[in-house]
Enquirer: 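Got a structure for you, written out below as structure tokens; questions coming shortly.
Below, each value reflects all heavy atoms present in this structure, side chains not excepted, and no hydrogens, waters or symmetry copies. Numbering of ligands and ligand atoms starts at 1, following listing order. Remember, it's a predicted structure, so these values are computed and weren't measured experimentally. Count residues from 1 along the sequence.
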Amino acid sequence: MNDPDELLRVEGVRKTFPGVLALDAVDFDLRRGEVHVLLGENGAGKSTLIKMLSGAHRPDRGRILVDGREVRIHSAQDAERLGIATIHQEFNLVPDLTVAENIFLGRQPRRFGMIDRKRMEADAEELLRRVGVRVSPRARVRELGIARLQMVEIAKALSLDARVLIMDEPTAVLTSGEVDKLFTIVRQLRQDGVGIVFITHHLDEIAALGDRVTVLRDGRSIDQVPASTPEDALVRLMVGRDIEQQYPRQRPETGEPLLSVRGLTRDGVFHDVSFEVRAGEVVGLAGLVGAGRTEVARALFGADPYDAGTVHVRGERLAANDVSAAMGAGIGLVPEDRKGQGLVLDASVQENLGLVTLRSATRAGFVDLAGRRAAAARIAEQLGVRMAGLGQQVRTLSGGNQQKVVIGKWLLADTKVLILDEPTRGIDVGAKVEIYQLINELTASGHAVLMISSDLPEVLGMSDRVLVMAQGRIAGELPARQATQDAVMALAVSAPTMNEVEGSRGH
Ligand SMILES: Nc1ncnc2c1ncn2[C@@H]1O[C@H](COP(=O)(O)OP(=O)(O)OP(=O)(O)O)[C@@H](O)[C@H]1O
Ligand SMILES: [Mg+2]
């Protein structure tokens with residue numbers, strides 16, 4: 001009766017949290033040598049399901065079988081013993097340890113009772129080479145960007161020699177080149193007989209990588225289909241309706257420049273960056289990871305210093321490295337790292353949504369609580385935040401719903417210039433369209449939007465102009481009509497390397 005190729009089976013699993021039915025009745029199975037995609041809207045229950053397999057949660061009801069035998073997975077160690085490795089949506093790395101220490105955390109190679117640092121670093125180096133990421137095993141995790149963190153997580157999973165590898169939105173933080181590398185690794189693992197559970201909101205990745213798809217909706221596994229199923233059919237299964245027009249761009253006439261940046265330079269990071277964004281305009285900032293886009297955004301927002309250049313908002317010169325001055329002038333930033341910078345995880349949805357509106361909601365010296373609550377409720381409804389109520393702790397929202405709260409917080413704030421750094425990372429296809437519509441509403445009411453995104457179709461679809469950064473410089477600007485994937489990519493890889501720039505300066 002046992003299928004020898006079946007690695008894992010989940011039967012009728014149910015999981016409740018206080019006030020939330022996260023999983024109602026879920027069936028799922030994984031075979032040797034397949035990539036099984038878990039698909040579902042933000043809050044559908046994907047991460048909750050895999051947390052049952054990694055030992056983070058226990059089901060209230062239902063069974064989990066490994067190799068045909070019922071098992072209890074009550075800890076990460078249980079999962080590891082069963083050969084299950086998980087790359088979580090929220091990274092589990094320790095920021096103050098090195099890359100090598102993180103990879104071998106709790107199982108460092110030892111020699112004469114001491115941690116064998118040399119061997120650990122050599123082994124880490126080999127794993128990092130396998131995933132094709134150039135990072136020193138001795139670098140501290142705190143210093144790495146989010147894409148490299150992801151690759152370190154993958155290296156760590158490889159080091160466990162797992163038979164089941166679970167990846168919760170691994171591509172959300174990667175650019176196309178890195179995604180290609182990841183796919184090569186995953187295909188190799190599949191060939192070696194590993195069973196892979198793969199979660200993604202990028203539908204094009206499903207046919208490219210997957211074998212089967214299980215669709216979750218509202219905590220139920222509603223269907224299982226081949227990965228070759230057309231995207232529109234997958235969307236219909238997932239959200240229960242068709243989704244119209246991916247990029248509903250409608251722009252008013254543009255007005256005066258709201259943000260003007262001249263010669264902005266931070267030595268060794270970005271150089272001579274100049275551009276402006278007008279009222280009613282969306283300017284896209286494209287480029288490869290490491291091109292300096294996030295760094296420029298943080299400098300504009302006053303979060304990081306710069307060495308030369310100026311930033312003007314509505315004609316007023318902005319002081320450098322002063323977040324409250326930037327916010328006072330009307331700049332908002334939705335950061336790429338929502339967990340680190342965007343949210344107070346232990347506070348409620350309502351408190352997070354109100355973080356930057358405190359001042360404007362004060363009436364005659366009193367905080368207008370009812371007004372704040374109503375505004376928070378409205379934006380949460382518009383963005384479709386899936387939650388038990390406005391009082392729910394943000395930590396317990398699903399990843400995509402946390403991202404919606406970060407965006408909502410800034411939409412409620414009284415900004416004129418909104419900088420969005422990877423705004424739809426981890427957002428499902430239906431909710432993406434809602435966010436695009438909100439961006440349109442912002443421009444219609446005279447806001448200026450600077451949008452950084454590694455999702456090229458999104459940058460091209462939403463921007464009126466696209467600036468392409470390469471190696472810390474603006475390599476070129478393309479109006480919407482001329483901005484094609486090829487044109488952007490050609491610019492993105494065009495600039496001289498930083499070293500060449502440094503070198504030529506010496507002459
Ligand atoms: N610890 C918790 N306490 C309360 N509710 C929780 C907890 N963990 C998850 N939930 C709820 O369970 C539901 C499913 O969340 P889950 O994280 O599994 O969604 P998801 O499918 O992974 O979504 P996303 O695509 O946004 O990552 C959500 O409504 C979420 O708020
Ligand atoms: Mg999730």
Enquirer: Within this structure, what is the CG-CG distance for the pair Asn102 and Leu97, rounded to the nearest 0.5 Å?
Expert: 5.5 Å
Enquirer: Is it true that Gln403 lies under 4.0 Å from ligand 1, counting heavy atoms only?
Expert: no
Enquirer: Would you mind checking which non-hydrogen protein atom is closest to atom 16 (P) of ligand 1, with the distance to 0.1 Å?
Expert: Thr48 OG1, 3.5 Å
Enquirer: Could you check whether Asp60 pairs with Arg14 (Lys NZ or Arg NE/NH1/NH2 to Asp/Glu carboxylate O, under 4.0 Å)?
Expert: no
Enquirer: Which of these, Thr396, Thr16, Leu216, Leu21, has its nearest heavy atom closest to atom 2 (C) of ligand 1?
Expert: Thr396
Enquirer: With Leu237, which of Asp223, Leu39, Asp232, Val213 fulfils side-chain contact (heavy atoms from CB on, under 4.5 Å)?
Expert: Asp223
Enquirer: Return the closest protein heavy atom for atom 29 (O) of ligand 1 as residue, atom name and distance.
Expert: Arg386 NE, 3.4 Å
Enquirer: Do the side chains of Asp78 and Arg58 get close enough for a salt bridge, i.e. N-O under 4.0 angstrom?
Expert: no
Enquirer: Between Leu49 and ligand 1, does any nitrogen or oxygen pair lie at a separation below 3.5 Å?
Expert: no
Enquirer: Run the numbers on Arg293 and Ser454 for side-chain hydrogen bond (donor to acceptor under 3.5 Å, both in side chains), then give the verdict.
Expert: CA-CA 10 Å; Arg293 300 167 302 165; Ser454 299; 3.3 Å; yes
Enquirer: Take the angle between the ring planes of Phe28 and His36 and call it parallel below 30°, perpendicular above 60°, tilted in between.
Expert: tilted
Enquirer: Do Lys46 side-chain atoms and Gly40 backbone N/O form a donor-acceptor pair below 3.5 Å?
Expert: yes
Enquirer: Identify whether the distance between the nearest side-chain nitrogen and carboxylate oxygen of Arg9 and Asp3 falls below 4.0 Å.
Expert: no
Enquirer: Looking at ligand 1, does Glu41 have a heavy atom less than 4.0 Å from it?
Expert: yes
Enquirer: Just to check, does Leu397 reach to within less than 4.0 Å of ligand 1 when the distance is taken from its heavy atoms?
Expert: yes
Enquirer: Which residue supplies the protein heavy atom nearest to atom 4 (C) of ligand 1, what is that atom called, and how far is it?
Expert: Phe17 CB, 3.2 Å
Enquirer: Identify, by atom number and element, the atoms of ligand 1 in contact range of Ala44, meaning under 4.0 Å from any of its heavy atoms.
Expert: 19 (O), 21 (O)
Enquirer: Parallel, tilted or perpendicular for Phe198 and Phe183, by the 30°/60° rule?
Expert: perpendicular
Enquirer: Within Ser47, is some N, O or S atom less than 2.8 Å away from the Mg ion (ligand 2)?
Expert: yes
Enquirer: Tell me: protein heavy atom nearest atom 13 (C) of ligand 1, and distance?
Expert: Gly43 O, 3.8 Å
Enquirer: Checking contacts here: is it the side chain or the backbone of Gln393 that comes within 4.0 Å of ligand 1, counting heavy atoms only? Could be both or neither.
Expert: neither
Enquirer: Who's the nearest protein heavy-atom neighbour of atom 17 (O) of ligand 1, and how far?
Expert: Ser398 CB, 3.3 Å
Enquirer: Is it the case that more than 12 heavy atoms not belonging to Arg217 sit under 6.0 Å from its CZ atom?
Expert: yes
Enquirer: Does the side chain of Thr98 come under 3.5 Å of the side chain of Glu101 through a donor N or O and an acceptor N or O?
Expert: yes
Enquirer: In the protein, which heavy atom is nearest to atom 12 (O) of ligand 1, and how far is it?
Expert: Ala22 CB, 3.3 Å
Enquirer: Any atom of ligand 1 sitting under 4.0 Å from a heavy atom of His201?
Expert: yes
Enquirer: Using a 4.0 Å cut-off to any heavy atom of Glu169, which atoms of ligand 1 qualify?
Expert: 25 (O), 27 (O)
Enquirer: So which bit of Arg395 gets within less than 4.0 Å of ligand 1, heavy atoms only: side chain, backbone, both or neither?
Expert: neither
Enquirer: Quick test of your reading of the structure: of Gly19, Gly40, Ser47, Ala172, whose heavy atom lies closest to atom 22 (O) of ligand 1?
Expert: Ser47
Enquirer: Please determine whether the number of non-hydrogen atoms from other residues, nucleotides or ligands lying under 6.0 Å from atom CD of Glu381 exceeds 12.
Expert: no
Enquirer: Using a 4.0 Å cutoff against the non-hydrogen atoms of Gly400, which atoms of ligand 1 qualify?
Expert: 24 (P), 26 (O), 27 (O)
Enquirer: Which atoms of ligand 1 are found less than 4.0 Å from any heavy atom of Val20?
Expert: 5 (N), 11 (C), 12 (O), 29 (O)
Enquirer: Out of all atoms in ligand 1, which are within 4.0 Å of some heavy atom of Gln392? Include the element for each.
Expert: 5 (N), 31 (O)
Enquirer: Would you say Arg187 has more than 12 foreign heavy atoms packed within less than 6.0 Å of its CZ?
Expert: yes
